[in-house]
Trainee: 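Provided herewith is a single structure, encoded as structure tokens, for subsequent inquiry.
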Amino acid sequence: MISFDNITLMRGNQTLLKDVSLMLHSGQRVGVIGRNGCGKTSLFRALNKEIALEQGEIEMPAWLRCSSMAQETPGSSSSAVDFVIDAHIEYRRLERELLEAESRDDDHALAHLHGDMENIAGYDVRNRAERLLSGLGFAVDQFNDPVSKFSGGWRVRLNLAAALMCPSDLLMLDEPTNHLDLEATVWLEQWLQRYEGTLLMISHDRTFLDSVIAHVISFEGTELIGYKGNYSAYEKLRAERLALQQAMYEKQQRRRAQVEDFVRRFRAKASKARQAQSRLKELGRMQDIAPAHADSPFRFHFPVPGQLPAFLMQLEALSIGYGSPLVEKINLGIRSETRIGLLGFNGSGKSTLLKVLAGQLPHLGGNITAAKKIQIGYFAQHQVDELDQQSTPVELIQAIDRKRSVQEIRDYLGGFDFRGSRVDESIANFSGGEKARLALAKVVCLKPNLLLLDEPTNHLDLEMCHALTVALQEYQGAMIVVSHDRHLLANTVDEFYSIHDGKFTEFDGDLHDYEKWLLKTSAGGDDKLAPASSAEDAKPDKKQQRQLAATRRAQLAPLRKQEKSLDAEMDKLHKELSLIEKGLADEALYTEEGKSSLTE
């Protein structure tokens, strides 16, 4: 049991928490929710006794073993597997004492120490460390590489593996899915579901939270409010409380009207049917959860593209990679309504493909034919680091759109929660999350008709992730998304393609099917849900491709004709309906003289 007794926590002159009392019970699985900068990480540091409270006390049992993710990993000559094993302090202590006992031939001490080693399952420690590394995406030949060889993102994974390796009664994870791909995220989700201690977790991945947690602690003002249930339950419970406020209700109604308008316009249009269905699902949830986000500081949308050609890009027998091909024979037509989610293991080539399409990396073979009026908006994590650190947010947007006035730019940046003097500060002073929001603001400002998004939700808090999901739902161009955020993928894309074993194929199923396939693959089971061999592999030449395309057009022609006929019939029926509604509004219809007309 962990007890917060009237605690006050500050950062500089900012009060993060004031007079907070709360109790966590053993075995609870808790998601810590709040906007960037509200104090979530500071709370973890206070629990770890790394920073002092201004007032009050956090009481924890003396026997409680704590484990948490380190935020930084300095370069080290230790191997990756040894770095993870080092987190098991008790094992390392026994290992040293065994060597000392052996050196002095102390049989009594050796017997005692071997018993202790057996009690902590010490003889299985290396195997457990290797399984952790494998689950988090490390290849077997990387286990013995020195820590200094790995990039920052992979060092974050090493920190996570070390936190999981350390025996604990309280496990604190701060954004554990950052820098993980979807496959590693699903593996971590399964691991945490089996964890038997108390879990405190900060995450912006709502699907991940829904699967793992059963309680929520929410930063609201300078208070901590507890909710029972997962993240979706928290949204509904918080919405019920906020919906009592009239201002929240009005914002909800405006959003509801936007969704209803979209459904009215596109429900009957074949190319937009799946998007309309997605909006209908959103509309069904709107009454319950919209107020939970009505006070979000983020308000932005993607402008309607100035030009939106029917075909934006055609890929034919495309090969991508660095020096040698990583993926070959990629055939894909990107239309104005294309909305694709890319799936595949880490290192399979998803990010490489987006770089090639964005023109940041040359392709190794095949052809890319792009429309003359294509406008690409490309977001990748490395672009956050490439922002001009000395410029300000206003200067960043001015460089893209010189027609906007400074006030218009300030209003625009306000939608990304950059307000007041913040818009004139140097970007170098901003946090990782703020830089990620700026990089997104830059992409939105380009008015793209093709969006290429590589892990866009990394470093974003839940409110910003929600705002991005809503903005992408309303976006009218094409997009290809790589993300481990399953909620974002499920609510914004219409189809999935997989890169597996060097082949690019359409994945016939949804994310739930893909998760089942991942679990079967990791267990060495049947690969029935694995991506099938690419149908494009059977295309020996362009002539046959043209013939297949002509056959498909011929097959679609009657359907297109039927669609036009149905559209005309619908227009006719709408006109008749209008006349009937106009007649029903006539008061004379409800008099005794109009009784027969009313019956008709």
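Throughout, numbering of the chain's residues begins at 1 and tracks the sequence. As a basis for the values below, the full set of heavy atoms in this structure was taken, side chains included, without hydrogen atoms, waters or symmetry mates.
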Trainee: Taking E328 first and then K503, would you say they form a salt bridge - that is, a charged N and a carboxylate O separated by under 4.0 Å?
Mentor: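 No, E328 and K503 are not salt-bridged.
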Trainee: Determine the interplanar angle of the F150 and F138 rings, folded into 0 to 90°, and report it as parallel if under 30°, tilted if 30 to 60°, perpendicular if over 60°.
Mentor: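 Aromatic pair F150/F138 classed perpendicular.
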Trainee: Against S483, only a single residue in V493, T492, T457 fulfils side chain to side chain contact (heavy atoms under 4.5 Å, CB included); can you say which?
Mentor: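 For S483, the side chain to side chain contact (heavy atoms under 4.5 Å, CB included) check succeeds only for T457.
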Trainee: Under the ring-ring contact (aromatic ring centres under 6.0 Å, His included) rule, what do W517 and H512 come out as? Steps first, then yes or no, please.
Mentor: CA-CA 9 Å; W517 175 75; H512 181 63; over 10 Å; no
Trainee: Give a yes-or-no answer on whether the side chains of S426 and N429 include a donor-acceptor pair shorter than 3.5 Å.
Mentor: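 No pair is found: no donor N or O on one side chain lies under 3.5 Å from an acceptor on the other.
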Trainee: Run the ring-centre check on H204 versus H466 and record whether the distance is less than 6.0 Å.
Mentor: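 No.
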Trainee: Between A467 and F300, what is the shortest heavy-atom contact and its length?
Mentor: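 Heavy-atom minimum between the residues: CB-CE2, 3.9 Å.
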Trainee: Verify the neighbour count for atom NZ of K435: are there more than 12 heavy atoms of other residues, nucleotides or ligands below 6.0 Å?
Mentor: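 Check passes, neighbour count above 12.
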Trainee: For S79 and F143, run side-chain contact (heavy atoms from CB on, under 4.5 Å): C-alpha distance rounded to whole Å, both residues' side-chain angles, the deciding distance at 0.1 Å, then the answer.
Mentor: CA-CA 7 Å; S79 67; F143 290 174; over 6 Å; no
Trainee: Walk me through it: do F302 and Y475 pass the test ring-ring contact (aromatic ring centres under 6.0 Å, His included)?
Mentor: CA-CA 6 Å; F302 287 87; Y475 172 62; 5.2 Å; yes
Trainee: Charged N to carboxylate O under 4.0 angstrom, R437 versus D461?
Mentor: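 No salt bridge links R437 with D461.
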Trainee: Would you say T185's side chain and D181's backbone share a donor-acceptor pair under 3.5 angstrom?
Mentor: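 Such a contact is found between T185 side chain and D181 backbone.
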Trainee: Give me the ring orientation class for W187 and W191: parallel if the planes are under 30° apart, tilted from 30 to 60°, perpendicular past 60°.
Mentor: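 Plane angle between 30° and 60°, so tilted.
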Trainee: Salt-bridged, D401 to R404, with N to O below 4.0 Å?
Mentor: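 A salt bridge is present here (some side-chain N lies under 4.0 Å from a carboxylate O).
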Trainee: Assess, by modelled atom type and distance only, whether the side chains of N491 and T469 contain a donor and an acceptor separated by less than 3.5 Å.
Mentor: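 Per modelled atom types, N491 and T469 side chains form no pair under 3.5 Å.
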Trainee: Kindly compute the distance separating NZ (K355) from CD (Q360), expressed to the nearest 0.5 Å.
Mentor: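 These two atoms lie 7.5 Å from each other.
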Trainee: Less than 4.0 Å between a side-chain N and a carboxylate O, is that true for R194 and E189?
Mentor: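 Looking at R194 together with E189, the answer is no, because their closest N to O distance does not fall below 4.0 Å.
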Trainee: Which class fits the ring pair F504 and Y497: parallel under 30°, tilted 30 to 60°, perpendicular over 60°?
Mentor: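 The arrangement is parallel - the two ring planes meet at less than 30°.
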Trainee: Check whether the ring centres of F430 and F418 lie less than 6.0 Å apart, and answer yes or no.
Mentor: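 Yes, close enough.
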